[in-house]
There are 2 protein chains.
Amino acid sequence: MRISEVAERCGLSISTIRFYEKSGLCPFVQRGADGKRKFSKADSDWLELLASLRSTGMPLEEMRAFAELYASGDDKIAERKAALLAHRRRLDDRQTELDRCRVILDRKLQRYAEIMEDQA
Amino acid sequence: MRISEVAERCGLSISTIRFYEKSGLCPFVQRGADGKRKFSKADSDWLELLASLRSTGMPLEEMRAFAELYASGDDKIAERKAALLAHRRRLDDRQTELDRCRVILDRKLQRYAEIMEDQA
DNA sequence: TACCGACCTGAAGCTACTTTAGGTCAAGCG
DNA sequence: CGCTTGACCTAAAGTAGCTTCAGGTCGGTA
């Protein structure tokens, strides 16, 4: 698969994919004789997972550690699961924060609506 | 109110508050004769609102524009409401993305659980 | 043959902070 | 009284996570 296709699939930009490779988040991506990256289905899936971890706030450093576990195969499954469970909790925190902000925002919008009512 | 109290209340760090002031997000904060910032209740509330906008992804540039509307008082209420409504939609997008990532994460955790089952 | 589009690299630029270095001032203590 | 401590101040440098830019290599097409 070409880099543009993978970008399309996983929702990361082409430069972000290159940046991730350079940062050691997917060091296993192959190259063709022409020097271009060749992505397998597994590579694409991995980048999609990375994208969803990143977009919910996992730091690159932690993703790099996770990538290393991933690279050393199924005997690190327990550690990989632990890493994702830790992130799962962070996701719940995000949800809480999102709800909290929604309340603040909606209250403010309500107040604005009332002021505009009075002005009319 | 001292800067440390405001930081406590609104959940921003002291340096972030100073940085926000320098960036024009709260140019109205008063100073004492000693040069120290003196925050009113309104200042604190404003920073709390900023914090919740920021933590749900509003860019500083947009916050700065919002701060300008805020500074010019109640005749800009309609525009302020429009800005918050636009952000409200962004918040919904975040929610959608969060849900999407939760599904991916939970599916992955499920897979790991199965693999560990097989290994046992 | 000349150009186009998709890829490549390294380096600089950008956003939103955080950290550091160095300084002021009031309060408390021996 | 001098000394330290702690909370504040500033300007500047550092950091994370990208994005953009400048410049170069291909394979295919008019």
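Order of the sequence lines fixes the chain letters, A, B, ..., with proteins taken first and strands second; residue numbering starts at 1 for each chain.
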Atom [atom1] of [X] to atom [atom2] of [N]: distance rounded to whole Å?
| X | N | atom1 | atom2 | value |
| --- | --- | --- | --- | --- |
| A/Glu61 | D/dT15 | CD | C1' | 13 Å |
| A/Lys38 | D/dC26 | NZ | C1' | 11 Å |
| B/Leu50 | C/dC17 | CG | P | 11 Å |
| B/Ile17 | D/dA7 | CD1 | P | 15 Å |
| B/Leu25 | C/dA16 | CG | C1' | 11 Å |
| B/Phe19 | D/dT10 | CZ | C1' | 15 Å |
| A/Ile14 | C/dC7 | CD1 | C1' | 8 Å |
| B/Arg31 | D/dC9 | CZ | P | 6 Å |

In terms of heavy-atom contacts, does [atom1] of [X] have more than 12 from other residues, nucleotides or ligands at under 6.0 Å?
| X | atom1 | result |
| --- | --- | --- |
| B/Glu97 | CD | yes |
| B/Gln30 | CD | no |
| A/Glu117 | CD | no |

Phosphate OP1/OP2 of [N]: any [X] side-chain N/O under 4.0 Å:
| X | N | answer |
| --- | --- | --- |
| A/Ser23 | D/dG17 | no |
| A/Ser4 | C/dC7 | yes |
| B/Arg37 | D/dT10 | yes |
| B/Thr16 | C/dA16 | no |
| A/Arg2 | C/dC7 | yes |

Please determine, for the side chain of [X], which listed nucleotide ([options]) has the closest atom?
| X | options | value |
| --- | --- | --- |
| B/Leu60 | C/dA16, C/dT9, D/dC18 | C/dA16 |
| B/Arg18 | C/dC8, D/dC8, C/dT18 | D/dC8 |
| A/Tyr20 | D/dC18, D/dG17, D/dT19 | D/dC18 |

Pairwise 5' ranking along DNA chain C for A/Ile3 and B/Arg54, keeping only the more 5' one: A/Ile3
5′-ward residue of the pair B/Asp34/B/Met58 relative to DNA chain C: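 Nearest-nucleotide comparison on DNA chain C picks B/Met58.
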Identified side-chain hydrogen bond (donor to acceptor under 3.5 Å, both in side chains) counterpart of B/Thr56 within the set B/His87, B/Arg90, B/Arg94: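 The residue from B/His87, B/Arg90, B/Arg94 that satisfies side-chain hydrogen bond (donor to acceptor under 3.5 Å, both in side chains) with B/Thr56 turns out to be B/His87.
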Sugar-phosphate only, base, or nothing, as touched by B/Ser13 at under 4.0 Å among non-hydrogen atoms: sugar-phosphate
Of A/Lys36 and A/Ser15, the one whose closest DNA chain D nucleotide lies more 5':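 Its nearest nucleotide lies further toward 5', so the answer is A/Ser15.
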Nearest atoms (heavy-atom pairs only) where A/Tyr70 meets A/Arg80: CD1-NH2, 3.5 Å
